[in-house]
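Inspection log for the structure reproduced underneath, given as structure tokens.
Within every chain, numbering begins at 1; the chains are lettered A, B, ... in the order of the sequence lines, protein sequences first and strands thereafter.
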2 protein chains.
Amino acid sequence: MHICEFQEMMQRLYFRRDSKRGTEGTYDWLVDEVKELGEALHVGDKVALENEFADVIAWLASLANVVGVDLEKTALVKYNDRCPKCGHSPCQCTL
Amino acid sequence: MHICEFQEMMQRLYFRRDSKRGTEGTYDWLVDEVKELGEALHVGDKVALENEFADVIAWLASLANVVGVDLEKTALVKYNDRCPKCGHSPCQCTL
């Protein structure tokens with residue numbers, strides 16, 4: 001599924017609730033999901049870990065919907081098969 | 001671009017560095033990028049905001065590469081055109 005299609009699915013499923021909750025509330029949910037992902041990384045349960053990855057990308061797409069950002073477009077503007085810092089593929093940054 | 005293609009691009013560009021940095025270091029970078037996204041939300045500069053959305057999905061894909069998770073597959077297992085909690089589209093959860 002394209003990134004933009006996933007974002008559109010999140011819009012269909014959740015935009016009514018996301019827009020009522022607003023930018024800050026939706027960002028706070030994203031932060032919570034990232035924390036849960038961190039906990040799952042420590043526990044090492046693959047099913048729980050996959051579940052948290054799903055939630056993080058879902059809430060990232062929800063937040064993008066709330067603020068009107070095209071997640072796929074903006075990702076490919078910055079990361080277009082080259083490292084945006086050094087211009088190489090693979091990245092050859094020294095830092 | 002498919003979510004899996006974006007993850008594969010991140011693998012080509014950054015896996016050598018990501019795998020050296022490891023799970024915790026890559027997760028810490030993701031957390032930092034989420035913080036920067038939060039700051040950009042407050043500032044309200046659309047270009048900076050788009051840049052931070054790009055970085056968050058990029059680092060999420062990098063982290064998925066480090067731990068061997070298929071981001072697209074796991075997202076669609078949980079979010080398959082229905083809310084995973086209430087089973088409806090759009091979501092009709094009361095919480």
Legend entry - Heavy-atom pair with the smallest gap, counting every atom of A/A75 and B/A54: CA-CB, 3.8 Å
Legend entry - 4.5 Å side-chain heavy-atom contact, B/S62 and B/R21: no
Inset, instruction - Measure A/L71 against the heavy atoms of chain B and call it side chain, backbone, both or neither at under 4.5 Å. - result: side chain
Inset, instruction - Check whether A/K46 gets within reach of chain B through its side chain, its backbone, both or neither, counting any heavy atom under 4.5 Å. - result: side chain
Legend entry - Heavy-atom proximity to chain B below 4.5 Å, by part of A/E24: side chain
Inset, instruction - Report the option among A/V67, A/L37, A/I3 that has the most heavy-atom pairs separated by less than 4.5 Å from atoms of chain B. - result: A/I3
Inset, instruction - Quick one: which of A/M10, A/R16, A/E5 has the most heavy-atom pairs under 4.5 Å with chain B, could you say? - result: A/M10
Inset, instruction - Could you look at A/L76 and say if it's the side chain, the backbone, both or neither that has a heavy atom under 4.5 Å from chain B? - result: side chain
Inset, instruction - Could you walk me through whether A/N51 and B/T74 pass side chain to side chain contact (heavy atoms under 4.5 Å, CB included), step by step? - result: CA-CA 7 Å; A/N51 192 56; B/T74 196; over 6 Å; no
Inset, instruction - Scan for ring pair (Phe, Tyr, Trp, His ring centres under 6.0 Å) pairs involving residues 3-22 of chain B, sequence neighbours excluded, and state none if there are none. - result: none
Legend entry - B/Q7 and B/N65: side chain donor to acceptor below 3.5 Å: yes
Inset, instruction - State, to 0.1 Å, how close A/S89 and A/R82 come at their nearest heavy-atom pair, and which atoms those are. - result: CB-NH1, 3.6 Å
Legend entry - Interatomic spacing from NZ in B/K85 to CD in B/Q92 - rounded to 0.5 Å: 15.0 Å
Legend entry - Interface residue of largest heavy-atom contact number with chain B, from A/M9, A/M1, A/E50, under 4.5 Å: A/M1
Inset, instruction - Select one option (side chain, backbone, both, neither) describing which atoms of A/D70 are under 4.5 Å from chain B's heavy atoms. - result: neither
Inset, instruction - Counting only heavy atoms closer than 4.5 Å, note whether A/L41 contacts chain B via side chain, backbone, both or neither. - result: side chain
Inset, instruction - Pick one of side chain, backbone, both or neither for A/H88, based on which atoms fall under 4.5 Å of a heavy atom in chain B. - result: backbone
Inset, instruction - Go through the atoms of A/L49 and report whether side chain, backbone, both or neither lie under 4.5 Å from a heavy atom of chain B. - result: side chain
Inset, instruction - For B/K78, look at atom NZ and say whether over 12 heavy atoms of other residues, nucleotides or ligands are found less than 6.0 Å away. - result: yes
Legend entry - CG-SG distance between A/L13 and B/C91, expressed to the nearest 0.5 angstrom: 7.5 Å
Inset, instruction - Check whether A/N80 gets within reach of chain B through its side chain, its backbone, both or neither, counting any heavy atom under 4.5 Å. - result: backbone
Inset, instruction - Could you tell me whether the side chain of B/F53 reaches within less than 4.5 Å of the side chain of A/L63, counting heavy atoms only? - result: yes
Legend entry - Members of residues 25-33 of chain A whose heavy atoms come closer than 4.5 Å to chain B: A/Y27, A/L30, A/V31
